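Reminder, nothing fancy here: chain letters follow the sequence lines and each chain counts from 1. Since we're looking at a predicted model, the values are computed, not measured.
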Amino acid sequence: MGLLQGASELFPVSSLGHAVLVPSLLHWSFKQSDPSFVPFLVLLHLGTATALLVIYRDKWVAIIRGFFTAAFRGQMQNDNERLAMLLLVGTIPAAVLGVFLESRIKTLFASPYEAAGFLVANGVLMLGFEALRRRAERRVAAQAQSRIDQEQHFAHAERISFRAAAIVGACQALAFLPGISRSGVTIGGGLLAGLRHEEAARFSFLLATPVILGAGVLEVPQLFAGGGPLGEYVAAAVLSGIAAYASARFLLGYFRSGRLDPYGWYCIAAGLVSLALLRFSL
Amino acid sequence: MKSNSLAVGLGVLGVVFIILAVLYAIGALQLFTSGPGNHYKHAILLAVLAVASFVAANFARPRTV
(Lines give C-alpha, C1' and ligand atoms only; values in the text may rest on other atoms or scores of the structure.)
Protein backbone atom coordinates (compact mmCIF):
# COMPACT_ATOMS: atom_id res chain seq x y z
CA MET A 1 0.00 0.00 0.00
CA GLY A 2 2.86 2.37 0.82
CA LEU A 3 4.52 1.91 -2.56
CA LEU A 4 1.17 2.12 -4.37
CA GLN A 5 0.19 5.31 -2.54
CA GLY A 6 3.57 7.02 -2.94
CA ALA A 7 3.90 6.14 -6.61
CA SER A 8 0.34 7.11 -7.54
CA GLU A 9 -0.10 10.21 -5.34
CA LEU A 10 1.80 12.64 -7.53
CA PHE A 11 0.92 11.05 -10.87
CA PRO A 12 -2.40 12.43 -12.12
CA VAL A 13 -4.13 9.06 -11.71
CA SER A 14 -5.74 9.34 -8.23
CA SER A 15 -3.88 7.56 -5.46
CA LEU A 16 -7.06 7.46 -3.40
CA GLY A 17 -8.95 5.77 -6.22
CA HIS A 18 -6.15 3.20 -6.51
CA ALA A 19 -6.06 2.75 -2.72
CA VAL A 20 -9.77 1.91 -2.76
CA LEU A 21 -9.76 -0.14 -5.99
CA VAL A 22 -6.57 -2.22 -5.84
CA PRO A 23 -7.23 -3.89 -2.44
CA SER A 24 -10.78 -4.72 -3.60
CA LEU A 25 -9.63 -6.14 -6.94
CA LEU A 26 -6.77 -8.15 -5.39
CA HIS A 27 -8.93 -9.29 -2.46
CA TRP A 28 -6.53 -7.87 0.13
CA SER A 29 -7.80 -8.08 3.71
CA PHE A 30 -8.23 -4.36 3.85
CA LYS A 31 -11.50 -2.74 4.91
CA GLN A 32 -11.94 0.74 3.45
CA SER A 33 -14.85 1.31 5.85
CA ASP A 34 -12.58 0.65 8.86
CA PRO A 35 -12.14 3.81 11.02
CA SER A 36 -8.35 3.42 10.77
CA PHE A 37 -8.36 3.42 6.92
CA VAL A 38 -8.42 7.20 6.46
CA PRO A 39 -5.78 7.93 9.17
CA PHE A 40 -3.59 5.18 7.62
CA LEU A 41 -3.93 6.76 4.17
CA VAL A 42 -3.13 10.15 5.67
CA LEU A 43 0.01 8.67 7.27
CA LEU A 44 1.07 7.42 3.82
CA HIS A 45 0.37 10.92 2.47
CA LEU A 46 2.74 12.28 5.14
CA GLY A 47 5.46 10.23 3.47
CA THR A 48 4.58 11.99 0.21
CA ALA A 49 4.56 15.41 1.89
CA THR A 50 7.98 14.71 3.40
CA ALA A 51 9.33 13.84 -0.06
CA LEU A 52 7.94 17.12 -1.43
CA LEU A 53 9.43 19.05 1.48
CA VAL A 54 12.82 17.51 0.72
CA ILE A 55 12.57 18.42 -2.99
CA TYR A 56 11.40 21.98 -2.33
CA ARG A 57 13.18 22.59 1.00
CA ASP A 58 14.89 25.82 -0.12
CA LYS A 59 11.73 27.09 -1.77
CA TRP A 60 9.66 26.42 1.36
CA VAL A 61 12.11 28.37 3.53
CA ALA A 62 11.75 31.31 1.12
CA ILE A 63 7.96 30.92 0.97
CA ILE A 64 7.53 30.87 4.76
CA ARG A 65 9.86 33.83 5.17
CA GLY A 66 8.02 35.61 2.35
CA PHE A 67 4.64 34.93 3.96
CA PHE A 68 5.53 36.57 7.26
CA THR A 69 7.34 39.47 5.62
CA ALA A 70 4.45 40.27 3.27
CA ALA A 71 1.78 39.67 5.93
CA PHE A 72 3.31 42.19 8.33
CA ARG A 73 4.24 44.68 5.61
CA GLY A 74 0.85 44.44 3.89
CA GLN A 75 2.53 44.36 0.48
CA MET A 76 4.13 41.76 -1.78
CA GLN A 77 7.49 42.85 -3.16
CA ASN A 78 8.96 39.70 -4.69
CA ASP A 79 8.01 36.36 -6.24
CA ASN A 80 8.38 34.33 -3.04
CA GLU A 81 6.03 36.64 -1.14
CA ARG A 82 3.49 36.44 -3.97
CA LEU A 83 3.81 32.65 -4.17
CA ALA A 84 3.25 32.38 -0.39
CA MET A 85 -0.01 34.32 -0.67
CA LEU A 86 -1.10 32.36 -3.77
CA LEU A 87 -0.57 29.10 -1.88
CA LEU A 88 -2.57 30.42 1.09
CA VAL A 89 -5.48 31.34 -1.20
CA GLY A 90 -5.21 28.01 -3.04
CA THR A 91 -5.15 25.97 0.17
CA ILE A 92 -8.29 27.42 1.76
CA PRO A 93 -11.00 25.67 -0.38
CA ALA A 94 -9.67 22.14 0.23
CA ALA A 95 -9.05 22.84 3.93
CA VAL A 96 -12.60 24.17 4.46
CA LEU A 97 -14.26 21.31 2.58
CA GLY A 98 -11.98 18.70 4.18
CA VAL A 99 -12.87 19.76 7.72
CA PHE A 100 -16.54 20.70 7.34
CA LEU A 101 -17.58 17.80 5.09
CA GLU A 102 -15.22 15.23 6.63
CA SER A 103 -17.86 12.75 7.83
CA ARG A 104 -19.70 12.78 4.48
CA ILE A 105 -16.45 12.42 2.54
CA LYS A 106 -15.41 9.37 4.59
CA THR A 107 -18.57 7.47 3.54
CA LEU A 108 -17.42 7.77 -0.10
CA PHE A 109 -14.29 5.74 0.65
CA ALA A 110 -16.26 2.56 1.12
CA SER A 111 -17.28 1.92 -2.49
CA PRO A 112 -14.87 0.65 -5.16
CA TYR A 113 -17.64 1.12 -7.77
CA GLU A 114 -17.72 4.87 -7.11
CA ALA A 115 -13.91 5.00 -7.15
CA ALA A 116 -13.86 3.28 -10.57
CA GLY A 117 -16.56 5.62 -11.90
CA PHE A 118 -14.72 8.72 -10.68
CA LEU A 119 -11.48 7.35 -12.17
CA VAL A 120 -13.14 7.35 -15.60
CA ALA A 121 -14.38 10.90 -14.91
CA ASN A 122 -10.84 11.87 -13.92
CA GLY A 123 -9.54 10.61 -17.26
CA VAL A 124 -12.15 12.61 -19.15
CA LEU A 125 -11.18 15.70 -17.11
CA MET A 126 -7.47 15.26 -17.98
CA LEU A 127 -8.29 15.01 -21.69
CA GLY A 128 -10.60 18.04 -21.38
CA PHE A 129 -7.88 20.13 -19.70
CA GLU A 130 -5.45 19.26 -22.50
CA ALA A 131 -8.04 20.00 -25.20
CA LEU A 132 -8.58 23.48 -23.73
CA ARG A 133 -4.82 23.93 -23.42
CA ARG A 134 -4.27 23.04 -27.10
CA ARG A 135 -6.78 25.72 -28.04
CA ALA A 136 -4.79 28.27 -25.98
CA GLU A 137 -1.55 27.06 -27.60
CA ARG A 138 -3.00 27.60 -31.08
CA ARG A 139 -3.73 31.19 -30.08
CA VAL A 140 -0.45 32.18 -28.41
CA ALA A 141 2.21 29.74 -29.57
CA ALA A 142 1.47 29.12 -33.23
CA GLN A 143 5.03 29.87 -34.39
CA ALA A 144 6.78 27.66 -31.84
CA GLN A 145 9.31 25.25 -33.33
CA SER A 146 9.11 22.60 -30.62
CA ARG A 147 7.05 21.61 -27.60
CA ILE A 148 9.59 23.22 -25.27
CA ASP A 149 9.41 26.49 -27.30
CA GLN A 150 5.64 26.24 -27.17
CA GLU A 151 5.74 25.97 -23.37
CA GLN A 152 7.86 29.13 -23.08
CA HIS A 153 4.80 31.20 -24.04
CA PHE A 154 3.11 30.25 -20.78
CA ALA A 155 3.68 31.61 -17.30
CA HIS A 156 5.55 30.74 -14.10
CA ALA A 157 3.56 29.78 -10.99
CA GLU A 158 4.35 33.08 -9.26
CA ARG A 159 2.64 35.03 -12.06
CA ILE A 160 -0.89 33.62 -11.92
CA SER A 161 -3.72 35.74 -10.54
CA PHE A 162 -5.24 35.23 -7.10
CA ARG A 163 -8.54 34.32 -8.74
CA ALA A 164 -6.75 31.59 -10.70
CA ALA A 165 -5.08 30.32 -7.49
CA ALA A 166 -8.52 30.12 -5.83
CA ILE A 167 -9.86 28.17 -8.83
CA VAL A 168 -6.91 25.75 -8.71
CA GLY A 169 -7.56 25.41 -4.95
CA ALA A 170 -11.22 24.65 -5.61
CA CYS A 171 -10.11 22.02 -8.15
CA GLN A 172 -7.95 20.49 -5.40
CA ALA A 173 -11.09 20.05 -3.26
CA LEU A 174 -12.55 17.79 -5.99
CA ALA A 175 -9.88 15.25 -5.10
CA PHE A 176 -11.77 14.25 -1.95
CA LEU A 177 -13.78 12.11 -4.35
CA PRO A 178 -11.93 8.78 -4.66
CA GLY A 179 -10.89 8.44 -8.29
CA ILE A 180 -10.39 12.16 -8.91
CA SER A 181 -6.68 12.92 -8.86
CA ARG A 182 -5.56 15.85 -6.71
CA SER A 183 -2.44 16.42 -8.75
CA GLY A 184 -4.38 15.89 -11.99
CA VAL A 185 -7.06 18.48 -11.31
CA THR A 186 -4.63 21.01 -9.87
CA ILE A 187 -2.20 20.59 -12.79
CA GLY A 188 -5.21 20.89 -15.12
CA GLY A 189 -6.42 23.98 -13.24
CA GLY A 190 -2.93 25.43 -13.53
CA LEU A 191 -2.95 24.82 -17.29
CA LEU A 192 -6.27 26.66 -17.58
CA ALA A 193 -4.73 29.51 -15.57
CA GLY A 194 -2.04 29.81 -18.24
CA LEU A 195 0.86 28.01 -16.57
CA ARG A 196 3.48 25.89 -18.33
CA HIS A 197 3.01 22.17 -17.72
CA GLU A 198 6.15 22.01 -15.57
CA GLU A 199 5.07 25.08 -13.58
CA ALA A 200 1.54 23.70 -13.16
CA ALA A 201 3.08 20.52 -11.73
CA ARG A 202 5.36 22.56 -9.43
CA PHE A 203 2.41 24.67 -8.20
CA SER A 204 0.38 21.47 -7.69
CA PHE A 205 3.16 19.89 -5.62
CA LEU A 206 3.65 23.03 -3.53
CA LEU A 207 -0.11 23.36 -3.00
CA ALA A 208 -0.35 19.74 -1.85
CA THR A 209 2.14 20.08 0.96
CA PRO A 210 0.24 22.24 3.50
CA VAL A 211 -3.04 20.35 3.04
CA ILE A 212 -1.35 16.95 3.43
CA LEU A 213 0.70 18.07 6.42
CA GLY A 214 -2.38 19.64 8.03
CA ALA A 215 -4.43 16.49 7.49
CA GLY A 216 -1.55 14.45 8.90
CA VAL A 217 -1.31 16.47 12.09
CA LEU A 218 -5.07 16.14 12.61
CA GLU A 219 -5.67 12.52 11.53
CA VAL A 220 -2.57 10.49 12.34
CA PRO A 221 -2.92 10.68 16.16
CA GLN A 222 -6.17 8.66 15.74
CA LEU A 223 -4.16 5.90 14.06
CA PHE A 224 -1.62 5.68 16.88
CA ALA A 225 -4.31 5.99 19.56
CA GLY A 226 -6.13 2.98 18.07
CA GLY A 227 -3.12 0.65 18.48
CA GLY A 228 -2.19 -1.64 15.59
CA PRO A 229 1.13 -2.53 13.97
CA LEU A 230 2.91 0.80 14.28
CA GLY A 231 6.16 -0.53 12.80
CA GLU A 232 4.33 -1.60 9.63
CA TYR A 233 2.53 1.74 9.44
CA VAL A 234 5.80 3.69 9.66
CA ALA A 235 7.54 1.37 7.17
CA ALA A 236 4.65 1.92 4.74
CA ALA A 237 4.95 5.71 5.17
CA VAL A 238 8.71 5.55 4.48
CA LEU A 239 8.14 3.45 1.34
CA SER A 240 5.45 5.91 0.28
CA GLY A 241 7.90 8.80 0.69
CA ILE A 242 10.63 7.09 -1.37
CA ALA A 243 8.18 6.27 -4.16
CA ALA A 244 6.80 9.83 -4.07
CA TYR A 245 10.30 11.33 -4.31
CA ALA A 246 11.07 9.24 -7.41
CA SER A 247 7.65 10.08 -8.90
CA ALA A 248 8.07 13.83 -8.36
CA ARG A 249 11.53 13.84 -9.95
CA PHE A 250 10.21 11.90 -12.94
CA LEU A 251 7.12 14.09 -13.39
CA LEU A 252 9.01 17.40 -13.19
CA GLY A 253 11.21 16.14 -16.02
CA TYR A 254 8.28 14.66 -17.96
CA PHE A 255 6.20 17.86 -17.88
CA ARG A 256 8.93 19.93 -19.55
CA SER A 257 7.40 18.71 -22.78
CA GLY A 258 4.86 16.04 -21.82
CA ARG A 259 1.10 16.34 -21.46
CA LEU A 260 -1.70 14.94 -19.30
CA ASP A 261 -3.24 12.88 -22.15
CA PRO A 262 -1.50 9.53 -21.46
CA TYR A 263 -2.68 9.66 -17.84
CA GLY A 264 -6.18 10.58 -18.99
CA TRP A 265 -6.36 7.54 -21.26
CA TYR A 266 -4.88 5.34 -18.52
CA CYS A 267 -7.55 6.50 -16.01
CA ILE A 268 -10.38 5.85 -18.45
CA ALA A 269 -9.04 2.37 -19.25
CA ALA A 270 -8.27 1.50 -15.61
CA GLY A 271 -11.68 2.75 -14.46
CA LEU A 272 -13.58 0.80 -17.13
CA VAL A 273 -11.58 -2.41 -16.56
CA SER A 274 -12.08 -2.07 -12.79
CA LEU A 275 -15.83 -1.59 -13.24
CA ALA A 276 -15.98 -4.70 -15.41
CA LEU A 277 -13.92 -6.76 -12.94
CA LEU A 278 -16.02 -5.61 -10.01
CA ARG A 279 -19.28 -6.20 -11.89
CA PHE A 280 -18.36 -9.76 -12.79
CA SER A 281 -16.63 -10.38 -9.41
CA LEU A 282 -13.41 -11.58 -11.02
CA MET B 1 -7.97 47.01 -4.47
CA LYS B 2 -7.39 49.10 -1.34
CA SER B 3 -10.05 50.77 0.80
CA ASN B 4 -10.64 51.38 4.46
CA SER B 5 -14.10 49.81 4.42
CA LEU B 6 -12.76 46.61 2.83
CA ALA B 7 -9.96 46.45 5.40
CA VAL B 8 -12.44 46.95 8.25
CA GLY B 9 -14.78 44.31 6.78
CA LEU B 10 -11.98 41.77 6.54
CA GLY B 11 -10.87 42.61 10.09
CA VAL B 12 -14.44 42.04 11.36
CA LEU B 13 -14.57 38.76 9.43
CA GLY B 14 -11.36 37.71 11.18
CA VAL B 15 -12.91 38.45 14.58
CA VAL B 16 -16.02 36.41 13.62
CA PHE B 17 -13.76 33.49 12.66
CA ILE B 18 -12.01 33.69 16.04
CA ILE B 19 -15.34 33.66 17.90
CA LEU B 20 -16.48 30.64 15.86
CA ALA B 21 -13.14 28.91 16.52
CA VAL B 22 -13.63 29.34 20.28
CA LEU B 23 -17.24 28.06 20.07
CA TYR B 24 -16.11 24.94 18.18
CA ALA B 25 -13.19 24.38 20.57
CA ILE B 26 -15.39 24.44 23.70
CA GLY B 27 -18.06 22.31 22.00
CA ALA B 28 -20.75 24.99 21.99
CA LEU B 29 -21.16 24.80 18.19
CA GLN B 30 -21.96 21.52 16.40
CA LEU B 31 -22.68 22.73 12.86
CA PHE B 32 -21.07 20.44 10.20
CA THR B 33 -19.55 18.14 12.83
CA SER B 34 -19.75 14.40 13.37
CA GLY B 35 -21.47 14.78 16.76
CA PRO B 36 -21.32 16.47 20.16
CA GLY B 37 -17.96 17.28 21.74
CA ASN B 38 -15.00 19.58 21.30
CA HIS B 39 -14.13 20.09 17.65
CA TYR B 40 -10.51 21.13 17.56
CA LYS B 41 -10.09 20.52 13.80
CA HIS B 42 -12.83 23.02 13.08
CA ALA B 43 -11.33 25.43 15.62
CA ILE B 44 -7.84 25.21 14.08
CA LEU B 45 -9.23 25.75 10.57
CA LEU B 46 -11.24 28.79 11.70
CA ALA B 47 -8.17 30.19 13.47
CA VAL B 48 -6.23 29.83 10.18
CA LEU B 49 -9.08 31.57 8.32
CA ALA B 50 -8.95 34.35 10.92
CA VAL B 51 -5.22 34.81 10.28
CA ALA B 52 -5.88 34.85 6.52
CA SER B 53 -8.58 37.50 7.01
CA PHE B 54 -6.27 39.70 9.09
CA VAL B 55 -3.52 39.35 6.48
CA ALA B 56 -6.00 40.28 3.74
CA ALA B 57 -7.18 43.25 5.84
CA ASN B 58 -3.58 44.44 6.14
CA PHE B 59 -3.20 44.18 2.35
CA ALA B 60 -6.46 46.07 1.79
CA ARG B 61 -5.51 48.92 4.14
CA PRO B 62 -4.65 52.09 2.17
CA ARG B 63 -1.06 53.27 2.72
CA THR B 64 -0.67 56.80 4.07
CA VAL B 65 2.78 57.35 2.52
Toward chain A: residues of residues 49-58 of chain B with heavy atoms under 4.5 Å
B:L49, B:A52, B:V55, B:N58

Please classify the contact of A:V89 with chain B as side chain, backbone, both or neither, using a heavy-atom distance under 4.5 Å.
neither

Got more than 12 heavy atoms from elsewhere within 6.0 Å of CZ, A:F162?
yes

Tell me, side chain or backbone of A:M76 under 4.5 Å from chain B's heavy atoms, or both, or neither?
both

Quick check: are there more than 12 heavy atoms from other residues, nucleotides or ligands sitting under 6.0 Å from CZ of A:R65?
no

Relative to chain B, which segment of A:F67 carries a heavy atom at a distance below 4.5 Å: side chain, backbone, both, or neither?
side chain

Considering all heavy atoms, the nearest A:V96-B:L45 contact:
CA-CD2, 3.6 Å

Return yes when atom CD of A:E232 has more than 12 non-hydrogen atoms of other residues, nucleotides or ligands closer than 6.0 Å, and no otherwise.
no

